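Take a look at the structure below.
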Protein chains: 2
Amino acid sequence: MQKNSHTDKTQAFFNICHQHQLKVTPQRVAIYRQLLNSDTHPTADAIYQNVKQEYPNISYDTVNRTLLTFAEIGVVDVVEIFGGAKRFDPNVTNHHHLHCTQCGKIIDFQNRTYDNLHVPEDVGKNFQVISKRVVLKGLCKDCRP
Amino acid sequence: MQKNSHTDKTQAFFNICHQHQLKVTPQRVAIYRQLLNSDTHPTADAIYQNVKQEYPNISYDTVNRTLLTFAEIGVVDVVEIFGGAKRFDPNVTNHHHLHCTQCGKIIDFQNRTYDNLHVPEDVGKNFQVISKRVVLKGLCKDCRP
DNA sequence: GTGATTGCAAACCTTTTGCACGCCA
DNA sequence: TGGCGTGCAAAAGGTTTGCAATCAC
């Protein structure tokens, strides 16, 4: 199952690259695989550090540029931050965020009601909404007094 | 009316400073006044450029540090961004954001329904929610094809 | 073969830090 | 007066850019 699912995703990646006329380079594959293993919202540097383990010659630029490219074609999302380094989200399905104002952590959560939020009419007239996200700011379990 | 409102806000600023044991320096007042005039989400540099007009000797650091201090005491909000320089929001009342993925603009909007979003029980158990914001990503009027 | 992609290095932009001086309370 | 706040300058951190060599198609 796991193995199959992984193969499927690799195949999907090939397809996506072809759809967008991107060449399938070993670097891109390695970065993509690393993203699949991420359960957080890694920075470009975090991805770089991990990919470097199995691919010592890769440069930080390549990682950064590849992530930006991935963001353009919808393979990753760029996550909203409040300063600091960009963060990338391999989970492009609709979900929402908890943001701890103390430690800066960003935690995913699912909520059907939030997914189905109605876009106000006056907003929809002047703005074409592509995705919706609820961001709850506050204190996480570890930072709560 | 305007004048009164402005005086009120200045008075409020004095009170806030005293509450937090902050000294009321001319720089802080100038930065605060500049914030009141902002209708967008200025960067530290934008504030700096404007304050410099009436206060040529001020340094960028002072502006930046002051804004961070203001954020700590709740005079401004740090706005969620997707990369680039920090943005500060002088509007600390509850509101929501449209984010144009094309030009990067962030537009405020009000919505009572969004203000009153119910926090899911399983979230509330592990996270103390302080504020809620809906971020709608998409294309603004100018960028829409 | 050809154009896209990579690696490297430098440049750039923003934010942070240390320190001496000056000013507000 | 004492200590907070400011200005300056340098450092640090992250991102972007230009270019030559390389690789996928």
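Every chain is numbered from 1, with letters handed out A, B, ... down the list of sequences. Any value given below was found using the heavy atoms of this structure, including those in side chains, with hydrogens, waters and symmetry copies removed. It should be emphasised that the depicted structure is a prediction, and the values quoted were computed from it without experimental measurement.
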With a 4.5 Å limit on heavy-atom distance, are the side chains of [X] and [Y] in contact?
X	Y	result
B/Asn111	B/Val134	no
B/Phe70	B/Phe13	yes
A/Leu117	B/Leu117	yes
B/Asp108	B/Asp89	yes
B/Tyr60	B/Asp45	yes

Side chain to side chain contact (heavy atoms under 4.5 Å, CB included) test vs B/Ile31 passes for just one of B/Val75, B/Thr69, B/Ile47, B/Asn50, namely B/Ile47
Expressed in angstrom and rounded to an integer, what is the separation of [X] atom [atom1] from [N] atom [atom2]?
X	N	atom1	atom2	answer
A/Arg28	C/dT6	CZ	C1'	10 Å
A/Phe14	D/dA24	CZ	C1'	11 Å
B/Gln21	D/dC4	CD	P	11 Å
A/Tyr48	C/dT6	OH	P	14 Å
A/Phe88	D/dT15	CZ	C1'	10 Å
A/Ile81	D/dG13	CD1	C1'	13 Å
B/Ile31	D/dG5	CD1	P	12 Å
B/Asp45	C/dT14	CG	P	6 Å

With a cut-off of less than 4.0 Å, is there a side-chain N or O of B/Gln27 near OP1 or OP2 of C/dC23?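 So the side chain of B/Gln27 is outside the cut-off, no N or O lying under 4.0 Å from OP1 or OP2 of C/dC23.
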From the list [options], which nucleotide is the closest neighbour of the side chain of [X]?
X	options	answer
A/Tyr60	C/dT16, C/dT6, D/dG14	D/dG14
B/Thr25	C/dG7, D/dG5, D/dG7	D/dG5
A/Ser59	C/dG7, D/dT6, C/dA25	C/dG7

Closest-nucleotide ordering on DNA chain D, the 5'-leading residue of A/Pro26 and B/Tyr55: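 Whichever sits nearer the 5' end wins; that is B/Tyr55.
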Does CD belonging to B/Glu54 count more than 12 external heavy atoms closer than 6.0 Å?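 Counting other residues, nucleotides and ligands, CD of B/Glu54 exceeds 12 neighbours.
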Going only through I, L, V, M, F, W and Y residues with side-chain contacts under 4.5 Å, is there a path from B/Tyr114 to B/Ile107? yes
For the ring pair A/His99 and A/Phe82, is the centre-to-centre distance below 6.0 Å? yes
Is the ring centre of B/His20 less than 6.0 Å from the ring centre of B/His18?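 B/His20 vs B/His18: aromatic centres not under 6.0 Å.
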Given axes from five pairs at either end, by how many degrees does the helix from C/dG1-D/dC25 to C/dA25-D/dT1 bend, rounded to 10°?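 End-to-end axis angle for the helix from C/dG1-D/dC25 to C/dA25-D/dT1: 40°, rounded to 10°.
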Between A/Thr62 and B/Asn64, which has a closest nucleotide on DNA chain C that is more 5'?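 In this pair, the answer is A/Thr62.
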B/Lys132 side chain to A/Val135 backbone, donor-acceptor under 3.5 Å: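 Looks like no, no N/O pair under 3.5 Å.
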Could you tell me whether the side chain of B/Arg87 and the main chain of B/Val78 form a donor-acceptor pair under 3.5 Å?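 Side chain of B/Arg87 to backbone of B/Val78, a donor-acceptor pair under 3.5 Å: no, none is there.
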Under 3.5 Å, which N/O atoms of the protein pair with N/O atoms of nucleotides 17-22 of chain C?
{"from": "C/dT17", "atom 1": "O4", "to": "B/Asp61", "atom 2": "OD1", "distance (Å)": "3.1"}

Near DNA chain D, which residues from residues 66-80 of chain A have a heavy atom under 4.0 Å away?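 Contacts with DNA chain D under 4.0 Å: A/Leu68.
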Within the 4.0 Å heavy-atom criterion, would you say B/Asn57 contacts the bases, only the backbone, or no part of the nucleic acid? sugar-phosphate
